[in-house]
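We're numbering straight along the sequence, starting at 1.
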Amino acid sequence: MSEYTEGSAGTSRPLPAASGQGELELRLRRAEALARIPGQVRYDLPLEDVLSDLAARIVEETEAVAASLVLLNDADLSRVGVGACNLPEGYVEGMLQARAAHPEAAETFRQAVSAGQSWIFREAPSYLRAQPEYQHMLDVIDRVPYQTLVATPFRTRPETIGVVYLYYSDAVDVDSDEVEFARAVAEQAAPVMDNAWLFNETQRRANEVEALSKADQSLHRSILLEDVYHAMIDLAVDLLGADRSLLLTWDDRDRLQVSAARGVPDEELAALREVYHAISRSMYDGRRPEITVVEDLANDARVNPAVRRLASAASSVDIPVYVGGEYFASFVLGYDPQRTFTTEDRRLFDTLAARAGLAIQNALLFNKTERRANEVEALYRADAALHRSLRLEDVCAAMIDLATGLLAADSSLVATFGDDDRLSVIAHRGLTPALLDILQTGYRRFDRDHFRRLPRPVRTGFVEDIRTNPAVDERLRERASGSFAEVPVMVGPDVWGASSGGGPQSRRFDEEDRRVFEAFSARVSLAIQNALLFEQSERRTSELEALYRADEALHRSLRLEDVERAMVDLAVELLGAPPSLVVTWDETDRLSVRAST
């Protein structure tokens, strides 16, 4: 006879010994009942439906008024599956919750499993009512018409632990034979429960593989980052059964932003955006986020209080997504009914996060490739535009156009040194008169000597947020917003001027941006240098032509009057001097005007 342990609620009351004939008939009936219990089990049903059908068959074949079958994970005693017959809703779940809240109860349970013992609790409802861990379910306990409980745990494989609970009314005296029969029932139920778990596990893994295959197809259907984002939130709803989903990434200022959402009410989404915007990447410095499973969202202190207040979901899962080993995004799932998440759920979340990270990494690589291809094409067009003409005015106009195109600016300017050796804006676009006046005043504070003292090489300057950058002129901070880049234009070792472009939104400039701006700086510097050389060449050519015409005019006649007249004409025509005189000494050694205009 197998061992069994009396519970602390009471003592056993054995029946009088049965007659030999009666005992034989009883054993035959029990043997037939045991044979019928595992018959006609439908393993194609969900695990908990199989367990509930088995519990109903046990009640039908025994004197128990109710039965429950429980499968637990061996690692943490979390729920794998539960089936019950003639027990009110929430009863078994409440019992599991009570045990989970008391580690000492879990340890006692493990010892019983290892010893192969059954528990017998007599007057069990009274015992449960007296224990503090069951106070949350007193109304449920009172609805179960039983007095004695026999619990038989078993282990058929390392992964799971099973328990068969039989509930007996006061009309049944549960003696050692009945306990032995209860153990026999559990032994018959054990392989059925194990087979049901195996079938369910096989189906689950097949479904998981299919889901992951669909996930891969969805995530890799497009290599555009935005498409990958939307595929992720669709997977959360279509494959993971979530009622809503969010994808959170970092914006240019390292703040959380909602990059994609599905199923979240507009008003709730708008409020959540503000909450997330207040969370910066620096809050995660030194720690690596892990999957956070929240079964009771309203009362879980791990969740941001503002999110708890706003979220309409009952349960949530926050899945961090890593790209190249770096924390890149959070994939948030929301479930309207409160949900219990299994170890398999967590494994699936982890697997999907890895696949999503790979898809995002591919999309980012594609974006980088596309960006560089676009940059090369844009710089090629820049070369064509900058070298279309060698006239300085045309090159400056091309710089203005390129700043608004290549640099994605909505306003731009070109500044260089004037005759007074001060910087001055010589071309601009998209600037109001008031802003132009502020910028002009700011530039005129700098002369050539200021730039000669700067360390070499002179680099592009970036302002990511005009309103918060203390280096920006106070009047400009008050009047303007957004960001801008200021590109130096070099002619040889010296600063010729600057090309600046700005936009209305603050933004973060990365190393890729710096590389593009430096390439732009090199190109406009070369174009300006060529234009200046062309201007110098044109001036020298004009000077030579003027001198040639002067020679021709001065030597056209040998008469003094004609030469004097040619001189005043040349002064007007070639030297640009409308009033001109030729003055010589007369016979009395006094100056005399010989010719004039």
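- With Arg507 contributing its side chain and Ser483 its backbone, the two residues share no donor-acceptor pair below 3.5 Å.
- Taken from CG in Leu247 to CD in Gln257, the straight-line distance is 9.5 Å, to the nearest 0.5 Å.
- Between Glu464 and Ser506, every side-chain heavy-atom pair lies at or beyond the 4.5 Å cut-off.
- When only modelled atom types and interatomic distance are considered, Asn73 and Ser78 share a side-chain donor-acceptor pair under 3.5 Å.
- When all heavy atoms of Ala55 and Leu69 are compared, the closest pair comes out as N-CD1, 3.8 Å.
- Heavy atoms only, all atoms of each residue included: Ile319 and Ala353 are closest at CG2-CB, 3.4 Å.
- Checking side-chain atoms of Ser481 against main-chain N and O of Ile466 turns up no donor-acceptor pair under 3.5 Å.
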For salt bridge (charged side-chain N to carboxylate O under 4.0 Å, His left out), just list the numbers for Arg57 and Glu60, CA-CA rounded to whole Å, side-chain angles, deciding distance to a tenth of an Å, and then say yes or no.
-> CA-CA 5 Å; Arg57 191 166 298 150; Glu60 183 180 339; 5.9 Å; no

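- For the atom pair CG of Leu71 and CD of Glu159, the computed distance is 11.5 Å after rounding to the nearest 0.5 Å.
- Within a 6.0 Å sphere centred on CG of Asp266, other residues, nucleotides and ligands contribute 12 heavy atoms or fewer.
- Distance alone, capped at 3.5 Å, is enough to place a donor-acceptor pair between the Gln135 side chain and the Gln131 backbone.
- Residue His230 holds its NE2 atom at 9.0 Å from OG of Ser259, rounded to the nearest 0.5 Å.
- Annotation: Glu511, atom CD; neighbour count of heavy atoms from other residues, nucleotides and ligands within 6.0 Å does not exceed 12.
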Working for side-chain contact (heavy atoms from CB on, under 4.5 Å), residues Tyr276 and Arg255 = CA-CA 7 Å; Tyr276 290 131; Arg255 301 174 302 181; over 6 Å; no

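- Heavy-atom contacts from other residues, nucleotides or ligands closer than 6.0 Å to CD of Glu226 number 12 or fewer.
- Aromatic ring centroids of Tyr335 and Phe341 lie under 6.0 Å apart.
- Arg281 forms no cation-pi arrangement with Tyr327, by the criterion of a distance under 6.0 Å to the ring centre and an angle within 45° of the ring axis.
- More than 12 heavy atoms of other residues, nucleotides or ligands lie within 6.0 Å of CZ in Arg36, so this atom counts as buried by the packing criterion.
- Put simply, the side chain of Cys85 does not reach to within 4.5 Å of the side chain of Ile58, judged on heavy atoms.
- Using bins of under 30°, 30° to 60° and over 60° for the plane-to-plane angle, the ring pair Tyr43/Phe199 lands in the tilted bin.
- By the 4.5 Å heavy-atom criterion applied to side chains, Asp318 and Leu248 are not counted as neighbours.
- Contact between Leu256 and His277 at its shortest, heavy atoms only, is O-ND1, 3.2 Å.
- Counting non-hydrogen atoms of neighbouring residues, nucleotides and ligands closer than 6.0 angstrom, the CZ atom of Arg347 exceeds 12 such neighbours.
- The only member of Asp251, Asp254, Asp513 that meets salt bridge (Lys or Arg N to Asp or Glu O under 4.0 Å) when paired with Arg508 is Asp254.
- You'll find the side chain of Tyr91 reaches within 4.5 Å of the side chain of Ile141, heavy atoms only.
- The structure places OH of Tyr165 at 7.5 Å from CG of Leu149, a figure rounded to the nearest 0.5 Å.
- In terms of modelled atom types and a separation under 3.5 Å, the side chain of Ser315 and the main chain of Glu295 share a donor-acceptor contact.
- For the pair Thr152 (side chain) and Ser118 (backbone), a donor-acceptor distance under 3.5 Å is absent.
- Distance alone, capped at 3.5 Å, is enough to place a donor-acceptor pair between the Ser245 side chain and the Ile233 backbone.
- Residues Gln361 and Phe328 have side chains not in contact (no heavy-atom distance under 4.5 Å, counting atoms from C-beta outward).
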Could you walk me through whether Met137 and Glu93 pass the side-chain contact (heavy atoms from CB on, under 4.5 Å) test, one step at a time?
-> CA-CA 10 Å; Met137 54 179 297; Glu93 290 79 1; over 6 Å; no

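- Across all their heavy atoms, Leu77 and Leu72 have their closest contact at O-CD2, 3.8 Å.
- Residues Ser312 and Asp336 approach most closely at O-OD1, 4.4 Å, considering heavy atoms.
- Here CZ of Arg42 is found 9.5 Å from CG of Asp49. Values are rounded to the nearest 0.5 Å.
- Using modelled atom types, no side-chain atom of Asp300 and backbone atom of Asp296 make a donor-acceptor pair closer than 3.5 Å.
- Residues Val321 and Met232 form a side-chain contact, since some pair of their non-hydrogen atoms from C-beta on lies under 4.5 Å apart.
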Could you go through the salt bridge (charged side-chain N to carboxylate O under 4.0 Å, His left out) check for Arg262 and Asp234 one step at a time?
-> CA-CA 7 Å; Arg262 177 175 171 182; Asp234 288 343; 3.0 Å; yes

Checking side-chain contact (heavy atoms from CB on, under 4.5 Å) for the pair Val82/Leu51: CA distance, chi angles, key distance, verdict?
-> CA-CA 6 Å; Val82 169; Leu51 297 181; 5.6 Å; no

Verdict with reasoning, Ile360 to Leu225, per side-chain contact (heavy atoms from CB on, under 4.5 Å) = CA-CA 7 Å; Ile360 290 174; Leu225 191 59; 4.0 Å; yes

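- In this structure, the side chain of Thr202 engages the main chain of Leu198 through a donor-acceptor pair within 3.5 Å.
- Across all non-hydrogen atoms, the minimal contact from Pro470 to Arg477 is O-NH1, 3.4 Å.
- Within the 4.5 Å cutoff, the side chain of Arg79 has no heavy atoms near those of the Val70 side chain.
- The line from CG of Asp44 to CG of Asn200 is 11.5 Å long, rounded to the nearest 0.5 Å.
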For Asp74 and Arg157, what are the C-alpha separation, side-chain angles and deciding distance, and is it a salt bridge (charged side-chain N to carboxylate O under 4.0 Å, His left out)?
-> CA-CA 9 Å; Asp74 179 69; Arg157 61 183 59 252; over 6 Å; no

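- Side-chain contact between Leu128 and Phe121 is absent, with no heavy-atom pair separated by less than 4.5 Å.
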